[in-house]
Structures are given as C-alpha cells and as structure tokens.
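Just below is one structure, and these are the notes that go with it.
Numbered from 1 within each chain, the chains take letters A, B, ... in sequence-line order.
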Protein chains: 2
Amino acid sequence: MKLEKIRDFLKNENLKITPQRLAVLEAVIKLGNHPTAEKIIEFIKKNHPNIAVGTVYKTLEIFVDKGLVNKVKSDKDVMRYDAVLVKHHHLYCAKSDRIEDYYDDDLNKILEKYFKKKEIKYFKIEDIKLQIIGNFTNK
Amino acid sequence: MKLEKIRDFLKNENLKITPQRLAVLEAVIKLGNHPTAEKIIEFIKKNHPNIAVGTVYKTLEIFVDKGLVNKVKSDKDVMRYDAVLVKHHHLYCAKSDRIEDYYDDDLNKILEKYFKKKEIKYFKIEDIKLQIIGNFTNK
DNA sequence: ATAATTGCAAAAGCTTTGCATGGCC
DNA sequence: GGCCATGCAAAGCTTTTGCAATTAT
C-alpha cells in the first residue's frame, strides 16, 4: 500500500496520522513474512529509537480492528502480523517458525463450491483458511 | 481412549504412570472442546486438589510431544488442547472463543487429490488443517 | 483549543523453570 | 534404591494498562 493511500485510509477512519502509525505499518509491510511484535519494534527503532512498546501493540491492535493488518498464529509461537490483504493461505514449517503465504484461486473456488453444496448445519461460513503444514525443501 | 490403553501407551514411551498424568489426560478427554490449561487444572482440582500448575503444563507438553494431545490455537486466545487424534478441522466462532470439531472425509479426499496434482514447489505437505471461521447459528 | 495519541513504567496474564521432596518401577 | 516426576514458588515473556505529557487537527 502506498503512503498516500495509507494516509487516506487513516483519515477515513478518523485516526490521526502520526509518525508512529506510519512507521508500524511500514514495518509490517517491509518486513514481510509475518513479523512478530518484537521484530516490528526492532525495525522501527532504527529510525525512531524512542517509540514505546505499548504504542506498537496499541497501533497493531487498531490496524487489526480496522482490517489493515491480520493476525497470524501457529500452534507454537507468539502473535504475528500480516499486512497482505488479498485472500491467501499459509504454509507452516513443521520444524521452525517459518510461515509463507500461499495463493491459489483455483483452490479457493473448489472450497467455495464444495461448501456451497455441503452446508454445515448450525454454522454460517465467513472465511476459510488453510494451514498447510510440512517442510520447505529449499533453503 | 481407554484407561488400559493409556497405561500401555505411557509404558511404551517409558513414561511413569502417575495419577497426575492419568488425570490430565482424563481431563482433556472428558472436558472435550479444546479446553485451556486453566479449565484442565480446574477440572483436575476437584478430585486432586494439590496438583501443581507446573505439573499440568509439563504433562501436557509431554503428551503433545508424544502425539497424544494436540495444541489448538486461534488468532485471539491462549493455548488450547485437544485429545481427538482422528483427522479433523475446526470451526471457529468469529465472535467468541468457541471452537468445534469438523469431520469430513470427502473434503479430505478432495484436498488430497488437489494437492497431489498441484504440487507446491519447495514444499512437502505433511498435513492440512482448515480453519473455518464464521458464526454458529444455534445456541 | 482540545481531544487523541504517545512514552513510560508498572501490572497482568500465561507459561516455564529450578530445586528439594516424594513416588513409581 | 535409584531416578523420574511432582509441588511449590519464583521468574520469564509477551502483551496490556494507567496516566501525565505531547501532538495532530
């Protein structure tokens, strides 16, 4: 997302445009690959040494509420954040904390079709995310 | 899983059969629905008031290592545990912490077939879990 | 001007750890 | 008896909170 778009977005949500907020979003986007709060803070501190831990958490929470950022969690570690808004799934390394995005529109269509036919009693589906667990064979 | 099976399992893994271990596994099984450590401790304390929190966590971790119990985590809350070993997926309530199991062999077959054809470069799949997010329409 | 946001530090969970005591094999 | 497992309490980590000072609009 471009800087101008981000400013507009914040403005539309009645959120003040502060250097901290821009820095947090920049960090999530530039770091990529589902950074932890710790990594985000580390990244921001390079250019913005006085940012407070609490500010980063609060800002991330606001972005999650507004849908600018998503939370990603595996079965083993701390909260991680993701600024990729396009629908996607995740590849989880069984042995490490590595998480990669997986895009596949055919798959999404198959799932959509499947669940349209085979409705779940007592449950209205909003979204489906695959956790694909396995091992990366490259380094 | 029956008590005798559990005893055999522990024996085979060279784990001592202790009342605490039996109680933890019993709690996870009887509570069902992905209890938190807190709920497990609460349940066990009824019959076993002196059990230590640390013991429960250590025991759960051992069971997870040995594959007797799985960890389940949503994007929002603490670690939860699951003694259902049959392959299944999860329905996550978008508004609460409710998590229900979802079994569907047809779905598993479709996914298996799909990923057999459409291999992911650099990744060897071991398991696929669906996080189905939405709303329960019963109470 | 004023209301929202920040930094700071303390507090609040949840989970882990160290060690002496106790219990299983 | 030997060694593993437990209980207890303290410590560790991540995340949240309260509040005075600061900043965006």
**Prompt:** From the list C:dC8, D:dT16, D:dT25, which nucleotide is the closest neighbour of the side chain of A:Ala52?
**Reply:**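 The nucleotide sitting nearest to the side chain is C:dC8.
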**Request:** Look at the side chain of A:Val78 and decide which nucleotide, out of D:dT15, C:dT6, C:dC14, has an atom nearest to it.
**Result:**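 So the nucleotide nearest the side chain must be D:dT15.
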**Request:** Rounding to 10 degrees, work out the angle separating the end axes of the helix from C:dA1-D:dT25 to C:dC25-D:dG1 (five pairs an end).
**Result:**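 Its terminal axes enclose an angle near 40°.
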**Message:** Once you measure the plane-to-plane angle for B:Phe136 and A:Phe123, does it fall in the parallel (<30°), tilted (30-60°) or perpendicular (>60°) bin?
**Reply:**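 B:Phe136 and A:Phe123: perpendicular rings.
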**Criterion side-chain contact (heavy atoms from CB on, under 4.5 Å) against A:Asp82, the qualifying member of A:Ile99, A:Val28, A:Asp101** =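 That would be A:Asp101; it is the only one of A:Ile99, A:Val28, A:Asp101 passing the side-chain contact (heavy atoms from CB on, under 4.5 Å) with A:Asp82.
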**Prompt:** Between B:Gln131, B:His90, B:Lys129, which is the residue that forms a side-chain contact (heavy atoms from CB on, under 4.5 Å) with B:Val72?
**Reply:**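 Filter result, single survivor: B:His90.
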Whole angstrom is fine here: how far is it from [atom1] in [X] over to [atom2] in [N]?
| X | N | atom1 | atom2 | result |
| --- | --- | --- | --- | --- |
| B:Arg7 | C:dC24 | CZ | C1' | 11 Å |
| A:Asn50 | D:dA21 | CG | C1' | 14 Å |
| B:Ile62 | C:dC24 | CD1 | P | 15 Å |
| A:Lys45 | C:dG7 | NZ | C1' | 10 Å |
| A:Glu13 | D:dT25 | CD | P | 15 Å |

**Message:** My understanding is that only one of A:His88, A:His89, A:Lys113 makes a side chain to side chain donor-acceptor pair (under 3.5 Å) with A:Asn108; could you say which?
**Reply:**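 Passing option: A:His89.
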**Prompt:** More 5' along DNA chain C: A:Lys16 or B:Ala37, using each one's nearest nucleotide?
**Reply:**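 Taking each residue's closest nucleotide, the earlier one in sequence belongs to A:Lys16.
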**Item:** 5'-most by nearest nucleotide on DNA chain C - A:Ile51 or B:Thr55
**Value:**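 Counting from the 5' end, the first nearest nucleotide belongs to A:Ile51.
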**Request:** Output all residues satisfying salt bridge (charged side-chain N to carboxylate O under 4.0 Å, His left out) with A:Asp104, sequence neighbours left out; order by chain, then residue number.
**Result:**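 Only B:Lys118 meet the salt bridge (charged side-chain N to carboxylate O under 4.0 Å, His left out) criterion with A:Asp104.
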**Prompt:** Are the charged groups of A:Glu61 and A:Lys71 less than 4.0 angstrom apart, N to O?
**Reply:**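 Looking at A:Lys71 together with A:Glu61, the answer is yes, because their closest N to O distance falls below 4.0 Å.
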**Asked** If you look at every strand shown and take non-hydrogen atoms under 4.0 Å, does B:Pro19 touch a base, only sugar-phosphate, or nothing?
**Response**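 The answer is sugar-phosphate, as B:Pro19 gets under 4.0 Å only of primed atoms, P, OP1 or OP2.
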**hbond_proxy A:Lys58 side chain to D:dG18 base (donor-acceptor, 3.5 Å cutoff)** =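 A donor-acceptor contact between them is present.
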Give a yes/no answer on whether the side chain of [X] brings an N or O atom under 4.0 Å of OP1 or OP2 in [N].
| X | N | value |
| --- | --- | --- |
| B:Tyr57 | C:dT16 | no |
| A:Thr18 | D:dA24 | no |
| B:Gln20 | D:dG7 | yes |

**Item:** A:Val64 reachable from B:Val78 in the ILVMFWY side-chain graph, under 4.5 Å edges
**Value:**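 B:Val78 and A:Val64: separate clusters.
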